[in-house]
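Heads up: the structure comes next, in structure tokens.
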Amino acid sequence: MKKISIIIPAYNEEQPLRLLYDELVKTITLYPELRYEWEILFINDGSRDGTLSVIKDLREIDKRVCYVDLSRNFGKEAAMCAGFDYATGDCAIIMDADLQHPPQVMMEMLKFWEEGYEDVYGKRNTRGDESWLRKCLSKLYYRVLQKATRIEILENVGDFRLLDRKCIEALKQLRETERYTKGMYAWIGFRKKEIIFDTANRIAGKSSWTFYRLVHLAIDGITSYSTFPLRISTIIGTIVSVIAFIYLIFIFIKTIIYGDPIQGFPTLILTILFLGGIQLLSLGIIGEYLGKIFNESKNRPPYITREYKGSPAKSSHPDHQGIHE
Ligand code: UDP
Ligand code: MG
């Protein structure tokens, strides 16, 4: 029998978890014609509330529930990486813990998987109860990202997707610490299929993405997959230098012909400020990439595991020794 892993990263999701579990079990039993072995793999991403004890309770009553407990909050990207490492299924479905990803869609994904697609992803039809500003910014962001990178990163496509074992093995090879998983899905390739779904509103708890975190993710997205920003400073720098040079010749000739008492103070200040700005911008851009190199060069693992409880039979992860039942 084929085994399906459901990977669920959870950070302070005490309230929605039980509901999610009930929904999942309901969906699984609703389709008796799809006979699979299931693994519900929770990644507890250093939650500060009772998320872990809820997961442990669920495991008491249902051994299909497995979990990885990370030693602190590493962020969703790292939590998903842990999910890929520990998932034992023939394919894995990643979904959010807050029921924004409707479990029924999972069954549709599985049908496409059976047809031979290797990466079936959900595309949001609506964006739930997000603010107008966030919707607009997200649209703008995808435009810029698309222009700047060579690989295709899809708009409104989140992390709700089914990945074949081949994709998981490919993703496991990408061990960068500065992770931007959305770009990785595009990068690994494979046969992809899109499914449109309606985002539900978050049922409980609140979104852990603050504006600050989203800005970070946006910058990471661009700088992880493109060196275009580095080129921007080269282009602007060249244009400014050419203009400055022409202006220099102009001033030189003008001074020779007409002479020049103390004039031109505004031009001077303007030039200094303008060039100063561009220099700072370029330094900032270089700094972004330098920071990435710095973090990457430390070569640290993307996450640290405190505990793993799962189905020991098939697990292949090197960290597993001695901790499972
Ligand atoms: N999440 C996580 N670690 C984090 C932040 C979020 O594992 O540091 C999980 C969270 O529990 C949820 C999913 O990532 O299952 C999506 O998070 P959220 O609903 O806050 O994001 P949004 O839906 O607003 O994009
Ligand atoms: Mg959410």
Side-chain angles (χ1 to χ4, degrees), residues 5-21 23-24 40-55 58 65-87 92-103 105-106 121-139 141-142 153-161 177-182 185 197-218 220-221 302-306 308:
S5 302
I6 305 177
I7 301 176
I8 305 167
Y11 174 57
N12 295 346
E13 304 279 10
E14 184 179 15
Q15 292 160 305
L17 273 194
R18 268 175 208 285
L19 262 167
L20 173 74
Y21 172 77
E23 282 289 321
L24 280 177
I40 305 177
L41 178 64
F42 288 103
I43 318 293
N44 176 38
D45 187 15
S47 304
R48 285 197 208 96
D49 61 358
T51 304
L52 185 64
S53 57
V54 173
I55 298 173
L58 290 175
V65 174
C66 308
Y67 67 88
V68 180
D69 185 26
L70 302 186
S71 63
R72 66 169 170 86
N73 177 246
F74 282 91
K76 188 185 177 188
E77 305 284 323
M80 284 193 294
C81 176
F84 300 143
D85 289 347
Y86 286 93
I93 298 169
I94 313 161
M95 60 163 61
D96 282 1
D98 53 9
L99 272 171
Q100 279 187 308
H101 298 157
V105 179
M106 211 165 71
Y121 57 87
K123 185 177 164 115
R124 282 185 297 256
N125 194 7
T126 52
R127 290 184 66 99
D129 57 355
E130 287 180 345
S131 73
W132 173 84
L133 180 73
R134 190 169 157 183
K135 278 180 202 166
C136 270
L137 283 179
S138 139
K139 208 166 195 93
Y141 169 65
Y142 278 108
I153 293 172
L154 296 156
E155 185 175 345
N156 276 349
V157 171
D159 294 307
F160 185 26
R161 59 172 70 219
T177 9
E178 301 273 315
R179 302 181 75 79
Y180 186 67
T181 318
K182 253 187 221 189
Y185 299 134
F197 73 99
D198 289 318
T199 324
N201 288 339
R202 194 168 232 291
I203 47 159
K206 61 178 178 22
S207 173
S208 42
W209 294 100
T210 55
F211 184 69
Y212 179 72
R213 276 181 109 161
L214 281 175
V215 169
H216 263 270
L217 188 73
D220 276 348
Y303 63 90
I304 300 287
T305 312
R306 181 186 293 128
Y308 167 67

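These figures come from a predicted structure and were not determined experimentally. First listed ligand is number 1; within each ligand, the first listed atom is number 1. Numbers here simply count residues along the sequence, with the first being 1.
Residues satisfying the ring pair (Phe, Tyr, Trp, His ring centres under 6.0 Å) test with Tyr185, not counting sequence neighbours, are none. Take Asp69 and apply the side chain to side chain donor-acceptor pair (under 3.5 Å) test, not counting sequence neighbours, and it matches Asn44, Arg306.
Remark: ligand 1 atoms within the under-4.0 Å shell around heavy atoms of Gln100 are 19 (O), 23 (O). Residue-ligand proximity, Asp96 to ligand 1, at heavy-atom distances under 4.0 Å covers atoms 13 (C), 15 (O), 16 (C), 23 (O). Numbered from 1 in the order shown, with element, the atoms of ligand 1 that lie under 4.0 Å from a heavy atom of Asp98 read 19 (O), 23 (O).
Separation of atoms SG (Cys66) and CD1 (Ile55) is listed at 11.0 Å; rounding is to 0.5 Å.
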Intermediate values then yes/no, side chain to side chain contact (heavy atoms under 4.5 Å, CB included), Asp45 and Tyr303: CA-CA 9 Å; Asp45 187 15; Tyr303 63 90; over 6 Å; no

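The shortest N or O to N or O distance between Ala97 and ligand 1 is below 3.5 Å.
Between the Mg ion (ligand 2) and the N, O or S atoms of Asp98, the shortest distance is to OD2.
Only side-chain heavy atoms of Asp45 come within less than 4.0 Å of ligand 1; its backbone N, CA, C and O stay farther off. Looking at Asn73 against ligand 1, only its side chain comes within 4.0 Å, counting heavy atoms.
Closest approach of Ala92 and Ile7 over heavy atoms only: CB-CD1, 3.8 Å. Of all heavy-atom pairs spanning Lys76 and Asp96, the tightest one is NZ-OD1, 3.0 Å.
Distances from atom 10 (C) of ligand 1 to the heavy atoms of Met95, Lys76, Glu13 put Glu13 nearest.
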